Asker: 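Quick one: the structure is below, questions incoming.
Just so it is clear: chains get the letters A, B, ... in the order the sequence lines come, proteins before strands, and each one is counted from 1. Model, not experiment: these values are computed from the prediction.
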2 protein chains.
Amino acid sequence: MRIGDLAKATGVDIETIRYYEKAGLLPEPGREANGYRAYQQAHLERLAFIRHCRALDMPLESIRRLLDFVAHPEAECGDINRLIDEQLARVQARLNSLRALESQLAALRAQCGENHSARECGILHELVAAAHGEACACHFDAKSGSHYLLMGKQKNRP
Amino acid sequence: MRIGDLAKATGVDIETIRYYEKAGLLPEPGREANGYRAYQQAHLERLAFIRHCRALDMPLESIRRLLDFVAHPEAECGDINRLIDEQLARVQARLNSLRALESQLAALRAQCGENHSARECGILHELVAAAHGEACACHFDAKSGSHYLLMGKQKNRP
DNA sequence: CTTGACCCCGGAGCGGCTCCAGGGTTTCCA
DNA sequence: TGGAAACCCTGGAGCCGCTCCGGGGTCAAG
């Protein structure tokens with residue numbers, strides 16, 4: 001099986017496959033006489049395993065650790081549990097912050113109904129005011145009331 | 001106000017402030033005689049605005065666009081709405097996939113209660129089986145039944 | 001006169017890819 | 001038989017949003 005076949009079979013980009021090899025997740029396959037990579041069934045399974053874990057949003061390092069367990073089945077599996085727990089904790093933390101984000105954005109979006117000029121756009125006002133509030137809170141001796149957000153032209157745009 | 005003061009006032013790392021300048025989000029401030037950056041109130045407000053938007057997980061490019069609206073308040077604000085809508089859509093998509101992830105991980109975690117050898121760890125079995133299933137589904141002419149995931153030692157570990 | 005706190009700059013590194021240039025090989029069709 | 005298209009190789013750069021590093025300058029206190 002050549003790299004293109006493996007890519008088609010798993011739906012993984014060719015470059016990504018080579019990247020996993022470089023990263024030490026997928027073992028170097030044999031080569032055909034012309035230097036092309038020659039994969040076997042085991043590579044397909046292994047790649048599918050990696051992608052399944054990635055779909056669970058695990059970092060490559062965790063996957064590496066899991067693959068170590070596959071290679072050493074006599075080891076204790078406590079670390080596997082811990083690994084999954086960590087991953088679960090990461091996901092839940094991200095979920096919480098995204099939920100908060102969603103409601104903030106939804107509230108923001110509700111500030112502006114139809115098209116009008118940016119000057120009177122509720123969203124923009126809200127953002128500027130919120131930022132202003134935070135700047136005062138965090139704190140600095142702001143002259144009260146006025147907003148200083150507007151500055152000269154940006155010259156250093158890339 | 002020197003960069004350290006601005007950092008303290010906003011809670012933003014010094015390096016990040018310089019990064020925003022390079023990225024064209026924060027205008028280049030004046031300099032003291034010794035070359036130190038000299039910030040004003042406007043910079044503080046602007047930095048707070050940027051951080052507020054970042055807290056809403058907006059990419060820097062979107063923030064740049066928002067700042068353009070602040071600078072050109074006569075423009076139509078339709079694009080602002082679109083920008084927020086896009087951001088909201090991104091967040092919601094991510095929320096959905098994270099919710100799915102969470103239940104998968106929780107189910108996975110339930111496969112393995114106490115410590116035993118990795119060989120009989122339900123989590124590992126589940127992962128291997130799932131990956132195997134996907135490899136067959138997506139599809140390739142797998143010899144049925146056996147798992148080929150286990151391979152020779154990895155040599156190319158970094 | 002040294003110590004320490006602050007500041008400057010340019011460049012590298014992170015993760016997880018993705019893309020590119022510049023080359024070689026194979027396969028198909030006229 | 002020739003040439004185009006499709007595949008493969010390598011090494012290196014680019015993406016985002018920082019973060020860290022080395023090697024230096026500046027300035028006030030003890």
Asker: Nearest whole angstrom, please: distance from the C1' of dC7(C) to the CG of D13(B).
Answerer: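 Those two atoms, CG and C1', are 14 Å apart.
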Asker: Expressed as a whole number of angstroms, how long is the span from I17(B):CD1 to dC8(C):C1'?
Answerer: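 Result: 14 Å.
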Asker: Between dT25(C) atom P and R2(A) atom CZ, what is the distance in whole Å?
Answerer: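 Roughly 12 Å, once rounded to whole Å.
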Asker: If you pin Y36(B) and E61(B) to their nearest nucleotides in DNA chain D, which one's is more 5'?
Answerer: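 In this pair, the answer is E61(B).
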Asker: Mind listing the N/O atom pairs, protein and nucleotides 9-12 of chain C, below 3.5 Å?
Answerer:
from, atom 1, to, atom 2, distance (Å)
dC9(C), OP1, R31(B), NH1, 3.4
dC9(C), OP1, R31(B), NH2, 3.1
dC9(C), OP2, R37(B), NH1, 2.9
dC9(C), OP2, R37(B), NH2, 2.7

Asker: Walk me through whether I17(B) and D13(B) qualify under side chain to side chain contact (heavy atoms under 4.5 Å, CB included).
Answerer: CA-CA 6 Å; I17(B) 295 175; D13(B) 193 285; over 6 Å; no
Asker: Quick one: M58(A) CE to dC17(C) P, roughly how many Å, whole number?
Answerer: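 That distance rounds to 14 Å.
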Asker: If you look only at pairs with a residue in residues 34-44 of chain B, which of them pass as a salt bridge (Lys or Arg N to Asp or Glu O under 4.0 Å), with sequence neighbours excluded?
Answerer: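 Of all non-adjacent pairs touching residues 34-44 of chain B, those that pass salt bridge (Lys or Arg N to Asp or Glu O under 4.0 Å) are E21(B)-R37(B).
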Asker: Do D79(A) and R65(A) pass the salt bridge (Lys or Arg N to Asp or Glu O under 4.0 Å) test, and can you show the C-alpha distance, the side-chain angles, and the key distance before you say yes or no?
Answerer: CA-CA 9 Å; D79(A) 287 349; R65(A) 286 203 273 150; 5.8 Å; no
Asker: Output the rounded distance in Å from CG (L47(A)) to C1' (dC17(C)).
Answerer: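 Answer to the nearest Å: 14 Å.
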Asker: At less than 4.0 Å, is any side-chain N or O atom of Y20(A) found next to OP1 or OP2 of dC17(C)? Yes or no.
Answerer: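 For Y20(A), the contact criterion (side-chain N or O under 4.0 Å from OP1 or OP2 of dC17(C)) is met.
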Asker: Using the heavy-atom set of chain A and a strict 4.0 Å cut-off, write down the first and last nucleotide of DNA chain D that makes it in, 5' to 3'.
Answerer: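 Answer, 5' to 3': dC7(D) to dT10(D).
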Asker: Quick check: does any side chain N or O of Q87(A) sit under 3.5 Å from a backbone N or O of L56(A), one acting as donor and the other as acceptor?
Answerer: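 It does hold such a pair.
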Asker: Does any pair with a residue in residues 93-106 of chain B pass salt bridge (Lys or Arg N to Asp or Glu O under 4.0 Å), and if so which ones, sequence neighbours excluded?
Answerer: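 Residue pairs passing salt bridge (Lys or Arg N to Asp or Glu O under 4.0 Å), neighbours aside: D57(A)-R94(B).
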Asker: Under the ring-ring contact (aromatic ring centres under 6.0 Å, His included) rule, collect the residues that match up with Y39(B), sequence neighbours excluded.
Answerer: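 Partners of Y39(B) under the ring-ring contact (aromatic ring centres under 6.0 Å, His included) test: H43(B).
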Asker: Let me spell it out: for each of N34(B) and L60(A), pick the nucleotide of DNA chain C with the closest heavy atom. Which residue's pick is nearer the 5' end?
Answerer: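 Comparing both residues, the 5'-ward one is N34(B).
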Asker: Do Q92(B) and L98(A) come close enough that some side-chain heavy atom pair is under 4.5 Å?
Answerer: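 In short, these two side chains do not touch, never coming nearer than 4.5 Å.
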Asker: Using a 3.5 Å distance criterion without hydrogens, assess whether the side chain of R46(A) forms a donor-acceptor pair with backbone atoms of L25(A).
Answerer: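 A pair under 3.5 Å: yes.
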Asker: Are T16(A) and dG16(C) close enough that a side-chain N or O sits under 4.0 Å from OP1 or OP2?
Answerer: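 It does not, given that no N or O in the side chain of T16(A) lies less than 4.0 Å from OP1 or OP2 of dG16(C).
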Asker: My understanding is that only residues two or more places apart in sequence, or in another chain, count here; which of them pass ring-ring contact (aromatic ring centres under 6.0 Å, His included) with Y19(A)?
Answerer: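 ring-ring contact (aromatic ring centres under 6.0 Å, His included) list for Y19(A), sorted by chain: empty.
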Asker: May I have the distance from I50(A) (atom CD1) to dG16(C) (atom P), rounded to whole angstrom?
Answerer: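 It works out to 12 Å between those atoms.
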